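Okay, structure first, notes after.
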Number of protein chains: 2
Amino acid sequence: MHIESLISYFDNYLRLDEEEKAFIRKKFFEKQVKRRQFILQEGDVCRLNTFVVAGCFRMYMVDEKGKEHNLQFAIENWWIGDIDSFHKEKPSKLNIEAMENSIVLQIRKEDQLRLFVEHPKFNRIFRVFTENALISFQNRVLQNISSTAEERYLDFMDRYPNIFNRISNVQIASYLGVTPEFLSTIRKKLSRS
Amino acid sequence: MHIESLISYFDNYLRLDEEEKAFIRKKFFEKQVKRRQFILQEGDVCRLNTFVVAGCFRMYMVDEKGKEHNLQFAIENWWIGDIDSFHKEKPSKLNIEAMENSIVLQIRKEDQLRLFVEHPKFNRIFRVFTENALISFQNRVLQNISSTAEERYLDFMDRYPNIFNRISNVQIASYLGVTPEFLSTIRKKLSRS
DNA sequence: CAATTCCGGTGACCTTTGTCATGTCATTAA
DNA sequence: TTAATGACATGACAAAGGTCACCGGAATTG
């Protein structure tokens with residue numbers, strides 16, 4: 001049922017023919033993920049590419065002090081996975097955890113490669129996804145080295161209202177690279193303006 | 001002459017046939033860039049994808065206070081360009097400047113798209129480039145939100161010795177997101193260990 | 001429903017990093 | 001060769017952000 005959401009999603013980029021749709025229906029499989037469950041844990045190889053149909057995820061790294069650093073979130077119509085581990089088949093240093101009960105569609109690496117070979121249209125579509133992700137991360141790096149934490153917080157609020165409104169401040173602080181206490185200070189200052 | 005470097009470079013990824021090589025020779029053109037010259041300036045649309053044959057470049061943004069923030073460097077065998085401007089044909093907010101006399105090979109967007117359509121092997125090769133770039137930026141974001149400036153400086157030194165040894169500390173500081181004065185403090189501390 | 005966990009805020013104190021002015025030396029330009 | 005510019009370091013002072021302990025309330029779990 002949810003597979004049609006994914007087909008719709010691809011159709012927004014490039015119209016799919018029946019053979020392409022059949023391939024999608026055949027190779028993607030649906031999974032229910034409960035809150036606090038993982039679809040990737042550090043040390044494991046990331047063998048699946050994941051499309052979020054419903055719910056919210058965070059991909060994070062735990063540093064040597066045990067502190068968690070959120071690299072990215074993913075909500076409906078977003079893809080998530082550790083592409084480094086996925087393509088190089090090496091153990092991931094990242095974790096992907098459901099922040100609420102979620103539904104995803106997943107495809108194995110070998111099936112995704114078949115998809116690209118047998119249906120080159122997907123090669124193009126996925127390259128656009130990767131490019132868009134790269135652009136986002138470049139902007140994020142620039143922002144991290146040129147803006148204050150307050151500016152980054154306001155920008156996050158503006159840019160991702162659908163995420164901002166459903167995750168806790170602790171998670172936002174981790175994503176921005178500040179402590180929850182400091183974020184609280186920022187919020188207090190902003191509420192006075 | 002330098003075009004053969006590029007062909008060699010591609011050959012490391014996937015063996016090229018004669019037709020593919022002919023296309024490369026035909027569509028890429030060489031350019032000499034003097035130190036302090038730009039191959040992209042903010043406000044212009046980035047219409048060229050650039051491969052560095054010799055030399056060193058930096059891609060940076062100037063913030064509203066006039067401060068320059070280095071997003072990335074590029075030396076021999078690296079690609080550089082503002083992919084956001086390149087693909088969406090919108091004015092760039094970035095500048096790409098030669099840090100020393102350099103030689104590059106460049107291809108226009110429409111030729112690159114022809115390359116992908118007529119020679120799908122390049123679609124795959126460039127997707128690998130984009131994925132590798134994305135992985136680098138993800139790691140950089142993680143590092144920026146979880147490490148001290150000192151740790152980032154040491155990592156930069158280890159990871160990019162070929163860049164580290166040919167650019168000034170002012171440029172490194174800008175890339176790391178710290179002031180030159182603070183970097184000087186870090187270096188002093190390190191030289192005492 | 002009770003116990004536990006998590007979230008959000010607070011405050012004292014500390015560390016990291018920034019600002020600004022200054023001086024010296026190296027490099028570049030005229 | 002000289003003048004100008006840029007790089008690098010320094011130090012006093014300031015700002016941004018972190019640490020730690022604590023408290024109250026909301027959400028989650030059993």
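Each chain gets a letter, A, B and so on, in the order the sequences are listed, and its residues count up from 1. Source: prediction; values computed, not measured. All values below were derived from every heavy atom in this structure, side-chain atoms included, with hydrogens, water molecules and symmetry-related copies excluded.
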- Message: Are B:Phe51 and B:Tyr9 an aromatic pair, judged by ring center distance below 6.0 Å?
- Response: yes
- Message: Check the orientation of A:Trp78 and A:Tyr160. Use parallel for under 30°, tilted for 30 to 60°, and perpendicular for over 60°.
- Response: perpendicular
- Item | Rounded distance (Å) that lies between atom C1' of C:dC6 and atom CG of A:Asn169 | 12 Å
- Query: Has A:Arg166 got its NZ or CZ under 6.0 Å from the middle of the six-membered ring of A:Phe73, at an angle within 45 degrees of the ring axis?
  - Reply: no
- Task: Tell me whether the centres of the aromatic rings in B:Tyr60 and B:Tyr175 are closer together than 6.0 Å.
- Result: no
- May I have the distance from A:Arg35 (atom CZ) to D:dT28 (atom C1'), rounded to whole angstrom? 7 Å
- Query: Rounded to the nearest Å, what distance is computed from the CD1 atom of residue B:Ile145 to the P atom of nucleotide D:dG18?
  - Reply: 11 Å
- Length of the NE2-P vector between B:His69 and C:dG18, whole Å: 11 Å
- Once you round it to whole Å, what is the distance between C1' of C:dG18 and CG of B:Asp63? 14 Å
- To the nearest angstrom, the CG-P distance between A:Asn101 and D:dT28 comes to 10 Å
- Rounded to whole Å, the CG-C1' distance (B:Asn144 to D:dG17) equals 15 Å
- Item | DNA chain D-proximal residues of residues 172-190 of chain A, any heavy atom under 4.0 Å | A:Gly177, A:Val178, A:Thr179, A:Glu181, A:Phe182
- Note on the structure: Residue pair B:Ala149/B:Arg36 against DNA chain C: nearer the 5' end by closest nucleotide is B:Ala149
- Task: Hey, can you tell me if A:Tyr13 and A:Phe129 have their rings parallel, tilted or perpendicular (30° and 60° cut-offs)?
- Result: perpendicular
- Query: What does the inter-axis angle of the helix from C:dC1-D:dG30 to C:dA30-D:dT1 come out as, five pairs per end, nearest 10 degrees?
  - Reply: 70°
- Between B:Phe23 and B:Phe122, does the ring centroid distance fall short of 6.0 Å? no
- Query: So among A:Gln37, A:Gln41, A:Arg58, A:Arg36, which one has a side chain to side chain donor-acceptor pair (under 3.5 Å) with A:Glu97?
  - Reply: A:Arg58
- Integer-rounded Å distance: C:dT27 C1' and B:Met99 CE: 15 Å
- Please, which pairs that meet side chain to side chain donor-acceptor pair (under 3.5 Å) have at least one residue in residues 26-35 of chain A, sequence neighbours excluded? A:His2-A:Glu30
- Message: Here's one to test your reading of the geometry: is the NZ or CZ of A:Arg159 within 45 degrees of the ring axis of A:Phe164 and under 6.0 Å from its centre?
- Response: no
- Would you please confirm or rule out a distance under 4.0 Å between OP1 or OP2 of C:dC7 and any side-chain N or O of A:Ser168? yes
- Toward the 5' end of DNA chain D, which comes first, B:Ile167 or A:Lys65, by nearest nucleotide? B:Ile167
